[in-house]
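All figures in this text were calculated on a predicted structure; none of them were measured in a lab. Naming convention: chains lettered A, B, ... in sequence-line order (proteins, then strands); numbering from 1 in each chain. FYI, side chains are in, hydrogens and waters are out, and symmetry mates aren't considered; it's all heavy atoms of this structure.
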Amino acid sequence: MLDLAFIRENADRVREALAKRKSDAPIDTILQLDADRRAALVEVEGLKKERNEKSKTIGQLIQSGGDVQARKDEVKRIGARISEIEEKLESIESKLQDAMFEVPNLSHESVPVGDTEEANVEIATWGDKPEFDFEPLAHWDLGTNLGILDFERAAKIAGARFALYFGDGARLERALIQFMLDLHTGEHGYTETLPPFLVNRDALIGTGQLPKFEEDLFKTDGHDLFLIPTAEVPVTNIHADEILDAEQLPLAYCAYTPCFRSEAGSYGKDVRGLIRQHQFNKVELVRFAHPDHSYDELETLTRHAETVLERLELPYRRVVLCTGDTSFTSAKTYDLEVWLPAQRLYREISSCSNFEAFQARRAKIRYREAKGEKPRPLHTLNGSGLAVGRTLVAILENYQQADGSVVIPEVLRHYMGGRERITAQST
RNA sequence: GGAGAGGUGGCCGAGUGGCUUAAGGCACAGGUUUGCUAAACCUGCGUAGGGUCACACCUACCGAGGGUUCGAAUCCCUCCCUCUCCGCCA
């Protein structure tokens, strides 16, 4: 959510910035509602002041034995008028809030302007794409041949867009989770957290998934709880409704969680393999930063995610998303894309964003610069470090051998019982 | 699932209809006193919105939402959460 006072004072700048993001958010409506709201507030607060004063005199009159009926009737009329205006005020505020929830974040000035992903800009590439003297297989064939992935049985159990891992596949997924957590906690200074996988409505409003994107979520029946689409939701909300000291910043948390997404509207897209699942594992990085340093923090966080790819020796590139492709809540996003040789393309494996104060304002995550100063919203950031299923895909495809086996990246062997290679197993 | 207790400011805690603009204490900040430290004393110390050039000032907030009343932290209703015990359970 943007700062309403900022919109009021910079309406033209906001309109211009929203145009770059292809947003038709109702700024004029917001300005009108805001003016109406303040006018109604002044009126109702004046009346309340009058009521408070006159009510007090009734108490005094009763003590001294005077007749209070006329005065009571008068205050009752004021009360009725107050209710009337408050009703109006409530309606204005609810409309204003709805309109404010329609407004996306504004892009940072360094973000390239563009409408679609075509306008995203490659910042850097890393690593050498592997050369094969055979036709590399897609991971769904590799995994099925090795007996470590089973999509048919997963469909029997749960349906489309679910996977069943066996043996070394399951272990490799677990090894990746553990490797990533060990790296981020041991070398990058993150505090590991294991949050709830179900969250309430307030948490999702806080990070911006609600009210606009409810159809992307899995909701439980009979409880107002949702399966998390990303650990960003529970972890960012750790400090909701809190006021932190400036010296505490930055705070850095990492969390492994499964993620659940309905993938509504992606029918026919990535129907094969592990790329787009209703349930997938992710290690998430979340940082709470001082506003003056949040863009340095974004570079730091992105480097932490890139380090995972580099340790695994997976070729990737970093892309900065253009204004039109940046997600609703983000001010600036880097995508990390890993090379998938079977498809001969780079595929998103991490998304690292600075939300500035957008989430902090919604979730009321604030900090105090110094004692006695007013609390201000801080800046939140997060990034995948990394999407685990897609990392497993990248390993299978990049490390595959002519005989159908897969070499285990060196940093993972220690987690795989010291073995160097995954070979076919029976299931 | 059953029974009970409870939710008041950073913390403790008083408060069953108007003298509460939420007592008092702790913690914190500034000051006075003091050989130093400590203590004592004085002052300040919540959040949000409105308002102002800036102050002043105003309004709201005692878990949330309704209701009764001239007036609600206080009375009534609904809901949420926490704790204890029992049952069930990994």
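On the C1' atoms, B/G10 is 13 Å away from B/U47, given to the nearest whole Å. Using atom P as the reference point in both B/A23 and B/U34, the two lie 33 Å apart (nearest Å). Atom P of B/A40 sits at a distance of 37 Å from the matching atom of B/C61, rounded to the whole Å. For B/C45 and B/G71, the P atoms lie 31 Å apart once the distance is rounded to whole Å. B/U32 sits 30 Å from B/A22 when the C1' atoms are compared, rounded to a whole Å. With both ends at atom C1', the span from B/C79 to B/C12 equals 29 Å, rounded to whole Å. B/C19 and B/G30 have their C1' atoms separated by 32 Å, given to the nearest Å. Distance check on atom C1': B/A54 versus B/A60 gives 24 Å, rounded to whole Å.
Contacts of A/R366 with the nucleic acid, taken as non-hydrogen atoms under 4.0 Å apart, involve only primed sugar atoms and P, OP1 or OP2. As judged by a 4.0 angstrom heavy-atom cut-off over every strand, A/R71 is placed among residues making no nucleic acid contact. At the heavy-atom level, A/R8 lies under 4.0 Å from the strands shown only through sugar-phosphate atoms.
Of the candidate nucleotides B/U47, B/U59, B/G49, B/U59 has the atom nearest to the side chain of A/K49. With distances taken from any side-chain atom of A/R38 to the nucleotides B/G49, B/C70, B/G51, the minimum falls on B/G51. Checked against B/U59, B/U47, B/G49, the side chain of A/K48 finds its nearest nucleotide in B/U59. In this structure, the nucleotide among B/U47, B/G49, B/G66 sitting nearest to the side chain of A/E90 is B/G66. Of the candidate nucleotides B/C70, B/G50, B/U47, B/G50 has the atom lying nearest to any side-chain atom of A/L41.
Donor-acceptor pairing under 3.5 Å, judged by distance alone, is present between the side chain of A/E45 and the base of B/G49.
Put simply, CG on A/L244 is 14 Å from P on B/G10, counting in whole angstrom units. Nucleotide B/G50 holds its P atom 14 Å from the CG atom of A/D36, rounded to whole Å. Computed from coordinates, the A/D3 CG to B/A48 P distance equals 12 Å when rounded to whole Å. Distance CD (A/E93) to C1' (B/C61): 14 Å, rounded to an integer number of Å. Remark: P of B/U69 and CD of A/Q69 are 13 Å apart, rounded to the nearest angstrom. Put simply, CG on A/L47 is 18 Å from P on B/G50, counting in whole angstrom units. Following rounding to the nearest Å, A/I82 (CD1) and B/G71 (C1') show an atom-to-atom distance of 11 Å. B/U68 atom P lies 15 Å from atom NZ of A/K72, rounded to whole Å.
When each of A/G46 and A/R51 is assigned the nucleotide of RNA chain B with its nearest heavy atom, A/G46 is the one assigned upstream, toward the 5' end. Between A/S55 and A/D73, the one whose closest nucleotide on RNA chain B sits nearer the 5' end is A/S55.
For B/A29, the paired base is B/U43 (Watson-Crick or G-U wobble, both distances below 3.5 Å). Judged by Watson-Crick or G-U wobble contacts below 3.5 Å, the nucleotide B/C36 has no partner. The base-pairing partner of B/G6, taking Watson-Crick or G-U wobble contacts with both distances under 3.5 Å, is B/C81. The partner of B/U16 is absent, by the rule that a Watson-Crick or G-U pair needs both atom distances under 3.5 Å. Nucleotide B/G49: paired with B/C58 (Watson-Crick or G-U wobble, both distances less than 3.5 Å). Using the Watson-Crick or G-U wobble rule with both distances under 3.5 Å, B/G1 pairs with B/C86.
Within 6.0 Å of NZ on A/K219 lie more than 12 heavy atoms contributed by other residues, nucleotides or ligands. Counting heavy atoms of neighbouring residues, nucleotides and ligands inside a 6.0 Å radius, atom CD of A/E410 does not exceed 12 of them.
Using a 4.0 Å cut-off between a side-chain N of Lys or Arg and a carboxylate O of Asp or Glu, A/R311 and A/E187 qualify as a salt bridge. Salt bridge A/R153/A/D150: present, at least one basic N to carboxylate O contact under 4.0 Å. Between A/R171 and A/D168 no salt bridge is recorded (no basic side-chain N to carboxylate O distance below 4.0 Å).
Under the 6.0 Å cut-off for aromatic ring centres, A/F288 and A/H239 qualify, their centroids lying closer than that. Aromatic ring centres of A/H379 and A/Y295: separated by at least 6.0 Å.
OP1 or OP2 of B/C70 lies within a sub-4.0 Å distance of a side-chain N or O belonging to A/K76. Put simply, A/N52 has a side-chain N or O that comes within less than 4.0 Å of OP1 or OP2 on B/A60.
Residues A/H184 and A/G385 approach most closely at NE2-O, 2.9 Å, considering heavy atoms.
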